[in-house]
A.B. asks: 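Mind looking over this structure? Questions follow.
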Amino acid sequence: MILAALPTGSFHGWGVCGKYIVRELSRMTEVRLVTEGFDMNAIGDELDFRLLQQALVSDREQQWITSGQPLEVDHPVLQAINNITGSPNYPRLRGTNNVGYTFFENNILSASYIENNAKFFDTVVTGSGWCEEVLRSYGLRHVTTIIQGIDPTIFNPLYNDKEYLQDHFVVFSGGKFELRKGQDIVIRAYKVLQDRYRDTVLVNSWFNQWPASMHTMAASPHIRFAPAANDYVAMVNQTLGENGIDVGRVITLPLYPNIMMPRLYKNTDIGLFPNRCEGGTNLVMMEYMACGKPVVASFSSGHKDVLTDGNCLKLENLRSIAIANNDQNVATWDEPDLEEAVAKLDWAYHHRDALRQIGDRAGEDLRKMTWQETGKRFYAILAR
C-alpha cells in the first residue's frame with residue numbers, strides 16, 4: 001500500500017499531475033489518497049473521479065491527517081512539497097519511506113528550506129532536471145528527477161490536420177497568464193506577425209485562478225497591463241487590444257479541463273512558449289507537442305527535459321534576470337529574446353512543410369513520455 005497526499009484536478013498542473021500519479025500507482029498496488037477540494041467538477045471526468053473516489057481515505061482519516069496530529073503509518077508516503085517552506089503539506093504524517101515531489105521556480109532557497117527537505121524526506125523527487133540541479137547546488141544529495149507525462153489516449157498525433165481555419169496561420173499560446181509564462185513576449189511577437197500577414201490568428205488559453213500571479217504581468221517590459229474588466233475573457237481581450245492586437249483575429253478560451261484541449265491544439269499550426277522559467281516540464285507544452293504539433297520554446301529550466309534540436313524551434317538567445325519579491329531577490333530566470341521569437345515565428349510561417357516534420361518528431365518523442373512511465377518510476381522509489 002502507498003499513501004499519496006497530492007492535489008488532484010483537471011484545471012491546473014499540480015491537480016493533473018496528482019490525478020495521473022495516483023491512477024498509475026493504483027495499477028501496481030493499493031493506493032490511499034489524501035487530497036482537498038475533491039469533487040466531480042474539479043476532476044472533470046467521471047471515470048477518473050470514480051477511480052480516485054475509491055482510493056480516497058475516509059472522512060475520519062482525512063480529518064485526523066489534516067488536524068496536524070502526529071500519525072505514523074506502516075507503508076510508504078508520497079507527499080507534495082510546500083514551495084515556501086520545503087516541508088510536506090502534512091508534516092506530522094510519516095511512513096516507512098517518505099518521498100516528496102516538488103516543482104519550484106524561485107531558485108534562491110533559504111537554509112531552512114533545504115533543512116526541511118533533508119529532515120522530512122528520504123527522497124526528494126523533482127519535476128525537472130533544473131530543479132534537481134538547484135537542490136544539489138545547495139548540498140542536497142537524496143534527490144532525483146521524475147518528469148510529468150502525457151496521456152497518449154488523449155494527446156496523440158492522430159487526425160491532427162486542421163478542420164478549421166485552414167486558410168489561416170494559427171498560433172497557440174497556453175499557460176496561466178503571468179510574467180513567468182511569458183505571454184507578454186507572445187503578444188509582442190504575435191503583433192509583428194499579425195502586422196506582416198493578414199491570415200494570422202492567435203488562440204490563447206491563459207486562464208489564471210490566482211490573481212496575485214496574474215498581476216505580476218504589470219512588471220512586463222514589453223506590454224501595458226492595466227486590466228479594468230472583471231470578466232476573464234473581456235480582460236484578456238482588453239489587454240490584447242490595448243497592445244495593438246486585432247481581437248477580431250483572436251480566440252480567447254475560457255477555463256477548460258486539459259482533456260478537452262486536443263481538438264483545439266490540432267486546429268493550430270504552432271505553439272509559442274517563451275517561458276522565463278519552468279520548475280516542471282510545462283505540461284501544456286508537452287500535451288501540445290504530443291498532438292504532433294511544433295513549438296517555438298525557450299530552451300531553459302524544465303523545458304530542457306523535453307526539447308531537442310529536432311522536435312522544436314529553440315529560443316536560445318537568453319539572458320539572466322533577477323526576480324525580486326518585496327525588494328528581496330528570490331530567483332534568477334532566463335529572459336528570451338523578443339527578436340529571436342519573432343524570427344522563429346516568421347520562419348515557421350514560411351516553412352509549413354518543415355514545420356510538419358518538426359511536429360511529427362515532437363509527437364514521436366512525446367509518445368515515450370507517458371504517465372505510465374512516470375508512475376513506474378515513482379513506484380520503484382516508493383517500494384524500496
Side-chain angles (χ1 to χ4, degrees), residues 1-8 13-15 17-36 55-57 61-62 64-107 109-149 279-281 302 305 371-384:
M1 179 190 292
I2 292 170
L3 185 65
L6 298 169
T8 55
W14 251 122
C17 186
K19 178 182 75 172
Y20 275 107
I21 289 173
V22 171
R23 191 184 82 172
E24 295 304 325
L25 287 175
S26 296
R27 301 182 194 276
M28 292 173 276
T29 188
E30 182 182 354
V31 178
R32 304 300 309 283
L33 170 64
V34 180
T35 194
E36 297 183 15
L56 203 64
V57 298
E61 290 171 309
Q62 178 83 15
W64 181 262
I65 292 169
T66 57
S67 71
Q69 298 297 319
L71 178 62
E72 293 195 12
V73 295
D74 193 27
H75 39 262
V77 173
L78 170 62
Q79 290 209 59
I81 297 178
N82 184 293
N83 276 354
I84 305 299
T85 65
S87 58
N89 285 345
Y90 306 105
R92 308 301 292 273
L93 175 62
R94 303 287 295 170
T96 56
N97 181 12
N98 298 283
V99 177
Y101 198 26
T102 186
F103 304 83
F104 56 81
E105 287 84 27
N106 288 356
N107 58 333
L109 304 174
S110 66
S112 62
Y113 186 100
I114 299 301
E115 289 169 4
N116 284 335
N117 272 209
K119 172 184 175 182
F120 287 105
F121 302 108
D122 301 301
T123 304
V124 173
V125 179
T126 64
S128 69
W130 179 80
C131 282
E132 179 178 345
E133 290 175 6
V134 171
L135 292 181
R136 288 189 177 278
S137 74
Y138 279 90
L140 204 64
R141 292 294 171 259
H142 56 292
V143 56
T144 191
T145 297
I146 300 178
I147 68 169
Q148 300 170 97
T281 42
D305 291 310
W371 284 114
Q372 182 180 41
E373 182 62 26
T374 301
K376 287 179 179 178
R377 294 197 60 197
F378 267 110
Y379 181 74
I381 292 173
L382 288 159
R384 287 175 182 169

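Note that the structure is a prediction, hence the values are computed from the model and not measured.
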A.B. asks: Can you tell me which residue pairs pass the salt bridge (Lys or Arg N to Asp or Glu O under 4.0 Å) test with a partner in residues 81-105, sequence neighbours excluded?
C.D. replies: E105-R180

A.B. asks: Looking only at heavy atoms, what is the nearest atom pair of N98 and L93, with distance?
C.D. replies: OD1-O, 4.3 Å

A.B. asks: Using atom types as modelled, flag every donor-acceptor pair under 3.5 Å from a side chain in residues 377-384 to any protein atom, sequence neighbours excluded.
C.D. replies:
| from | atom 1 | to | atom 2 | distance (Å) |
| --- | --- | --- | --- | --- |
| R377 | NH1 | T145 | O | 3.1 |
| R377 | NH2 | T145 | O | 3.0 |

A.B. asks: Considering non-hydrogen atoms only, spot the tightest contact between E24 and G375 and give its length.
C.D. replies: CB-CA, 3.9 Å

A.B. asks: Identify the two heavy atoms, one from W14 and one from F103, that lie closest to each other, and give their separation to 0.1 Å.
C.D. replies: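 It is CZ2-CD1, 3.5 Å.
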
A.B. asks: Check S87 against F120 and note the closest heavy-atom contact, atom names and distance.
C.D. replies: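 Looking at all heavy atoms of both residues, the closest pair is CB-CE1, 3.7 Å.
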
A.B. asks: Please find the pair of heavy atoms, one from V31 and one from A4, that lie closest to each other, and give the distance.
C.D. replies: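 Nearest heavy atoms, V31 then A4: CG1-CB, 4.1 Å.
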
A.B. asks: Can you name the residues that form a side-chain contact (heavy atoms from CB on, under 4.5 Å) with Q62, not counting sequence neighbours?
C.D. replies: V34, E36, V57, T66, Y90

A.B. asks: Could you please spell out the steps behind the side chain to side chain contact (heavy atoms under 4.5 Å, CB included) verdict for Y113 and L140?
C.D. replies: CA-CA 11 Å; Y113 186 100; L140 204 64; over 6 Å; no

A.B. asks: Is any side-chain heavy atom of T102 less than 4.5 Å from a side-chain heavy atom of N83?
C.D. replies: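 The answer is yes, as the side chains (C-beta and beyond) meet within the 4.5 Å cut-off.
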
A.B. asks: Can you confirm whether more than 12 heavy atoms, excluding those of W64, are under 6.0 Å from its CH2 atom?
C.D. replies: no

A.B. asks: Would you say that Y138 contacts N117 through its side chain, given a criterion of any heavy-atom pair below 4.5 Å between the two side chains?
C.D. replies: no

A.B. asks: Going by heavy atoms in the side chains, are H75 and R32 under 4.5 Å from each other?
C.D. replies: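 No, side chains not in contact.
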
